[in-house]
Chemist: 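This structure is in structure tokens; I'll ask about it shortly.
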Protein chains: 2
Amino acid sequence: MEKLLQNFDSIFSIDCIIFGLNEGELKILLIERNEEPYKSWYALPGNIVKQNESIDHAAQRILYELTGLKGIYMEQFHTFGEVNRHPSGRVITVAYNAMIRLDGEKELKPITNYASKAFWMPVKDMPALAFDHTEIFNKGFDKIRSKISFEPIAFELLPEKFTLTQLQNLYEVILNKELDKRNFRKKMLSYDILKELDEKQEGVSYRAAKLYKFDRRKYAKFFQKELSFGKD
Amino acid sequence: MEKLLQNFDSIFSIDCIIFGLNEGELKILLIERNEEPYKSWYALPGNIVKQNESIDHAAQRILYELTGLKGIYMEQFHTFGEVNRHPSGRVITVAYNAMIRLDGEKELKPITNYASKAFWMPVKDMPALAFDHTEIFNKGFDKIRSKISFEPIAFELLPEKFTLTQLQNLYEVILNKELDKRNFRKKMLSYDILKELDEKQEGVSYRAAKLYKFDRRKYAKFFQKELSFGKD
DNA sequence: AAGATAAGGTGTAATTGTTACACTAAGTAA
DNA sequence: TTACTTAGTGTAACAATTACACCTTATCTT
């Protein structure tokens, strides 16, 4: 048995797609590689899973080591297992993604020297990436785009208090199309997952908008949406 | 580099959830294990990925070797990577699922002797399974259930020609709830993905129903459905 | 052949959700 | 005070969803 298993050993890695929103622009987290192969190329934060850690845990550790970001909840979305996706041998990778809030640009600082730096790249300017990371990114972005179409998950990207216009802009950026202001507000408010605050925007040179908070409890109801044929 | 990689080697496997419909009953394909650990337990068809094959290809090979079913298109749905999910060491597994048509009960015959038999098990009678396969099955079933709620994918399970009642029954079995006959038909026909045939059911001891075929070309339109806020 | 049985097949009205569309209100800046 | 910029709001037309019940057609039984 032991011998049989040895024959099939593979390398197993994690790659992370982390979305952030900065000044209305959607960005993802990249690193600059500091090792061969693809030395000095940009890549998704990713590395090899250890024997004694679950893949979910590995994802968190790896993201931390490469970017300094800690405790980010990520969700696995696809596993890439083509034979030649990595030039140094067989490497299968599980891709994770997450959306995070950038409170005043959290500092990014690689802990290991496997990456020479970590930085936010606007998704509209994505450069060529190492390995098959462009393909991984595209699949991850599609996933987010289709997920947001069914569930209002975009709040993770916004500051705790936000205006409806900011929320709408975010949807427009992710879905890459313009939305009708009145219809957007009507529908979003009808979900009853936003708490209207007694506060207004500050520091803007025009009429200040009301601020809202996301209501996580009420959101729970939402997690279900199905085709139906009557008789619920 | 070579040395670094070696330290992290893991075993990598595939497990398959194959749904079939037999006499109106939803079943999945299981094997009886013929090796330790869990010898003589029931399990999902699964085995180890080889170094020189993609995971999609491995899924097909493994399913064939354990059950004799060839060329089944499966879709990956989740990767399970808990540290202790396999008693003999670290094994990460990618789970795939598929729905197939049982034309007069295809013969099942394991090609390797890793399985002593392969058979169809009604999902409502699922026994305890080896390893964490019960968890994998539950997640796969959830996935199918939520997918069918957005896309009419269930045709894969039915014979080429089927009646609307058969289709409705299938939906009811998967979604585990009763649907309204008139609304179901109205909505299903409105998708315009069914071809009405000039034939009727045969061999039934009551009024025979019209037969329909699934129209794969028209189905393509369907693959998109999104939340929207006006201004398409 | 008459009647019983079993599933097939059909329509409508009420309700809800979606879409398209344009002006006034409020605050800031000059 | 005026100009500017974004906030904020309602309605009518249309489409989709829901709830709901009876007649039709074929087979089987006697």
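In the text below, chain A, chain B and the rest are named by the order of the sequence lines, each starting its count at 1.
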Chemist: Among C/dG8, C/dG11, C/dA20, find the nucleotide with the atom closest to the side chain of A/Asn183.
Modeler: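 Of the candidates, C/dA20 comes closest.
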
Chemist: Do NZ/NE/NH1/NH2 and the carboxylate oxygens of B/Arg145 and B/Asp142 come within less than 4.0 Å?
Modeler: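 Counted as a salt bridge, because a side-chain N and a carboxylate O are separated by less than 4.0 Å.
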
Chemist: Given side chains that start at C-beta, do those of A/Arg101 and A/Glu160 come closer than 4.5 Å, heavy atoms only?
Modeler: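 Yes; the side chains approach each other to less than 4.5 Å.
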
Chemist: What is the distance, to the nearest angstrom, from the NZ atom on A/Lys187 to the P atom on C/dT16?
Modeler: 17 Å

Chemist: Base, sugar-phosphate, or nothing for A/Lys186, non-hydrogen atoms under 4.0 angstrom?
Modeler: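 The answer is base, as A/Lys186 lies within the cut-off (heavy atoms under 4.0 Å) of a base atom.
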
Chemist: Testing B/Arg33, B/Glu32, B/Lys109 one by one against B/Lys117 for a side chain to side chain contact (heavy atoms under 4.5 Å, CB included), which residue passes?
Modeler: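 For B/Lys117, the side chain to side chain contact (heavy atoms under 4.5 Å, CB included) check succeeds only for B/Glu32.
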
Chemist: For B/Thr165, which contact category applies under a 4.0 Å heavy-atom criterion: base, sugar-phosphate, or nothing?
Modeler: sugar-phosphate

Chemist: Can you say whether the rings of B/Phe214 and B/Tyr219 are parallel (under 30°), tilted (30 to 60°) or perpendicular (over 60°)?
Modeler: perpendicular

Chemist: Among D/dG8, C/dA6, C/dG9, find the nucleotide with the atom closest to the side chain of B/Lys181.
Modeler: C/dG9

Chemist: Could you give the CG-to-C1' distance, from B/Asp180 to C/dG9, as a whole number of Å?
Modeler: 13 Å

Chemist: Mapping A/Ser205 and B/Leu164 onto DNA chain C by nearest heavy atom, which one lands closer to the 5' end?
Modeler: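 The residue mapped nearer the 5' terminus is B/Leu164.
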
Chemist: Rounding to 10°, can you tell me the angle the first-five-pair axis of the helix from C/dA1-D/dT30 to C/dA30-D/dT1 makes with its last-five-pair axis?
Modeler: 10°

Chemist: For B/Gln201 and C/dA7, what is the distance between atoms CD and C1' respectively, to the nearest whole Å?
Modeler: 9 Å

Chemist: Determine whether the aromatic ring centres of residues A/Tyr42 and A/Phe119 are separated by less than 6.0 angstrom.
Modeler: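 Yes, they do, as the ring centres are separated by less than 6.0 Å.
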
Chemist: Could you give the CZ-to-P distance, from A/Arg182 to D/dA12, as a whole number of Å?
Modeler: 13 Å

Chemist: Given the structure, check if the side chain of B/Arg207 and the base of D/dT24 hold any donor-acceptor pair shorter than 3.5 Å.
Modeler: yes

Chemist: On the 0 to 90° scale, with breaks at 30° and 60°, tag the B/Phe19-B/Phe137 ring pair as parallel, tilted or perpendicular.
Modeler: tilted

Chemist: Starting at atom NZ of B/Lys210, determine the distance to atom P of D/dT24, rounded to an integer number of angstrom.
Modeler: 16 Å

Chemist: What do the steps show when you test A/Lys147 against A/Glu75 for salt bridge (charged side-chain N to carboxylate O under 4.0 Å, His left out), and what is the final call?
Modeler: CA-CA 12 Å; A/Lys147 194 164 180 195; A/Glu75 210 166 60; 2.9 Å; yes

Chemist: Picking from D/dT5, D/dC28, C/dG9, which would you name as closest to the side chain of B/Arg185?
Modeler: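 Ranking D/dT5, D/dC28, C/dG9 by closest atom to the B/Arg185 side chain puts C/dG9 first.
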
Chemist: Could you check how far OH of A/Tyr206 sits from P of C/dT24, rounded to whole Å?
Modeler: 23 Å

Chemist: Can you tell me how far P of D/dA7 sits from CG of A/Leu211, to the nearest Å?
Modeler: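 Distance, rounded to whole Å: 11 Å.
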
